[in-house]
Amino acid sequence: MTAETSQTLDRGLRVLKLLADTDHGLTVTELSNKLGVNRTVVYRLLATLEQHALVRRDLGGRARVGLGVLRLGRQVHPLVREAALPALRSLAEDIGATAHLTLVDGAEALAVAVVEPTWTDYHVAYRAGFRHPLDRGAAGKAILAARAAAAEEPGYTLTHGELEAGASGAAAPLLGVTGVEGSVGVVMLADAVPERVGPRVVDAAKEVAEALR
């Protein structure tokens with residue numbers, strides 16, 4: 001801690017991070033041990049976070065992340081979308097295909113930003129807000145590949161006909177962006193993705209990641 005930082009706020013944020021990393025919640029004693037502070041401090045932190053709906057406690061006294069965190073999270077999408085749009089526009093115009101930014105939302109992939117090319121006679125209609133399972137479609141599979149690759153760069157993922165008949169997709173994961181798990185990709189009406197598209201999608205994903213850092 002430095003003179004410019006708040007110890008109480010730091011502890012509160014650490015509580016939220018600890019709770020976000022567990023599915024079954026944590027007791028006051030468990031939080032006290034993990035934070036290295038006494039139970040009285042933890043009680044005060046939880047009471048304050050509960051007032052803002054950022055934490056809730058069940059009947060057994062275990063603390064869990066509250067619904068207020070979800071409300072804050074919804075405000076992140078517009079900021080992420082705005083940061084990604086320049087790279088998506090360039091990708092869509094360059095490839096002549098619909099470009100998209102997809103983020104993880106629970107067990108699903110959620111398209112949060114979509115840009116369609118302006119010069120093509122036809123292209124795939126792909127709307128922001130579209131959801132699909134992570135294990136179907138290039139966008140979701142690229143995210144799963146990044147999870148499996150750990151420290152290694154997973155490159156790009158290609159699919160055909162998994163979300164829409166006759167459509168092919170290419171996507172690359174966002175890497176090195178704290179708190180954001182997602183991918184950048186394109187979808188096109190083609191039997192196969194042209195060879196140059198995969199590397200171009202990887203470059204676009206790097207551009208978006210850089211914009212979000």
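This structure is a prediction, so every number in the text was calculated from the model and none was measured.
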Discussion item. Treating R56 as the side-chain partner and G66 as the backbone partner, does any N or O pair qualify as donor plus acceptor under 3.5 Å?
Written reply: no
Discussion item. Run the side-chain contact (heavy atoms from CB on, under 4.5 Å) test on R62 and E30 for me, step by step, so that the C-alpha distance in whole Å, both residues' side-chain angles and the decisive distance to 0.1 Å come before the verdict.
Written reply: CA-CA 9 Å; R62 303 186 75 86; E30 289 170 333; 3.1 Å; yes
Worksheet entry | Heavy-atom side-chain proximity of V15 to L26 below 4.5 angstrom | no
Worksheet entry | Nearest non-hydrogen partners of A205 and P173, listed with the distance | CB-O, 3.7 Å
Worksheet item: Do S90 and R200 get their side chains close enough for a donor-acceptor pair, meaning under 3.5 Å?
Response: yes
Worksheet item: Quick one: do L54 and V41 end up in the same hydrophobic cluster if we chain Ile, Leu, Val, Met, Phe, Trp and Tyr together by side-chain heavy atoms under 4.5 Å apart?
Response: yes
Response to the item:
In terms of heavy-atom contacts, A83 and L212 come closest through CB-CD2, 3.6 Å
Item to complete: Could you state whether V187 and V208 fall into the same hydrophobic cluster, counting links through intermediate Ile, Leu, Val, Met, Phe, Trp or Tyr residues with side-chain heavy atoms under 4.5 angstrom apart?
Response: no
Item to complete: Treating Ile, Leu, Val, Met, Phe, Trp and Tyr as nodes and any side-chain heavy-atom pair under 4.5 angstrom as an edge, say whether L85 and Y126 lie in one connected cluster.
Response: no
Fill in: Contact summary for A138 and T159, nearest pair of heavy atoms
N-OG1, 3.2 Å
Worksheet item: Are L88 and I143 connected, step by step, through hydrophobic side chains (Ile, Leu, Val, Met, Phe, Trp, Tyr) whose heavy atoms are closer than 4.5 Å?
Response: no
Discussion item. Could you report the tightest heavy-atom contact between A167 and V124, atom names first, then the distance?
Written reply: CB-CG2, 4.4 Å
Discussion item. With rounding to the nearest 0.5 angstrom, report the CG to CG distance, L31 to L45.
Written reply: 9.0 Å
Practice prompt. Verify the neighbour count for atom CG of D191: are there more than 12 heavy atoms of other residues, nucleotides or ligands below 6.0 Å?
Written response: no
Discussion item. If you apply the rule side-chain contact (heavy atoms from CB on, under 4.5 Å), what do you find for L174 with L101, and how did you get there?
Written reply: CA-CA 9 Å; L174 294 175; L101 169 67; 3.8 Å; yes
Worksheet item: Checking W119 side chain against G96 main chain: does a donor-acceptor pair fall under 3.5 Å?
Response: no
Worksheet item: Could you give the distance from CG (L189) to CD (E164), rounded to the nearest 0.5 Å?
Response: 6.5 Å
Fill in: Stepwise side-chain contact (heavy atoms from CB on, under 4.5 Å) check, T8 with T48
CA-CA 11 Å; T8 302; T48 302; over 6 Å; no
Item to complete: Calculate, to the nearest 0.5 Å, the distance between atoms CZ and CD belonging to R147 and E181 respectively.
Response: 4.0 Å
Discussion item. Any heavy-atom pair between the side chains of R39 and T29 that's under 4.5 Å?
Written reply: yes
Response to the item:
L91 and A204 have their tightest heavy-atom pair at CD2-CB, 3.9 Å
Item to complete: Would you check if V114 and F130 make a side-chain contact, meaning some heavy-atom pair closer than 4.5 Å?
Response: no
Discussion item. Quick check against the 3.5 Å criterion: does R81 have a side-chain atom that pairs as donor or acceptor with the backbone of A113?
Written reply: no
Worksheet entry | From CZ (R64) to OG1 (T22), nearest 0.5 Å | 7.5 Å
Worksheet item: Can you check whether A139's main-chain N or O pairs, donor with acceptor, with S183's side chain at less than 3.5 Å?
Response: yes
Worksheet item: So, do P117 and T98 sit near enough that their side-chain heavy atoms are less than 4.5 Å apart?
Response: yes
Worksheet item: S168 side chain to A190 main-chain N or O, any donor-acceptor pair under 3.5 Å?
Response: yes
Worksheet item: Are any of the side-chain heavy atoms of D94 and R196 separated by less than 4.5 Å?
Response: yes
Worksheet item: What distance separates L110 CG from H132 NE2, expressed to the nearest 0.5 Å?
Response: 9.0 Å
Worksheet item: Considering all heavy atoms of both residues, which atom of M188 and which atom of I95 are nearest to each other, and what is their separation?
Response: CE-CG2, 3.7 Å
Fill in: Rounded distance (nearest 0.5 Å) linking atom CZ of R89 with atom OG1 of T118
11.0 Å
Worksheet item: Are L163 and V193 connected in the hydrophobic side-chain network, where two residues link if heavy atoms are under 4.5 Å apart?
Response: no
Worksheet item: Just wondering, do E116 and R127 contact through their side chains at under 4.5 Å, heavy atoms?
Response: yes
Discussion item. So does D105 get a backbone contact from the side chain of E108, meaning a donor-acceptor N/O pair under 3.5 Å?
Written reply: no
Item to complete: Report yes if some heavy atom in the side chain of E210 is under 4.5 Å from a heavy atom in the side chain of R213; otherwise report no.
Response: yes
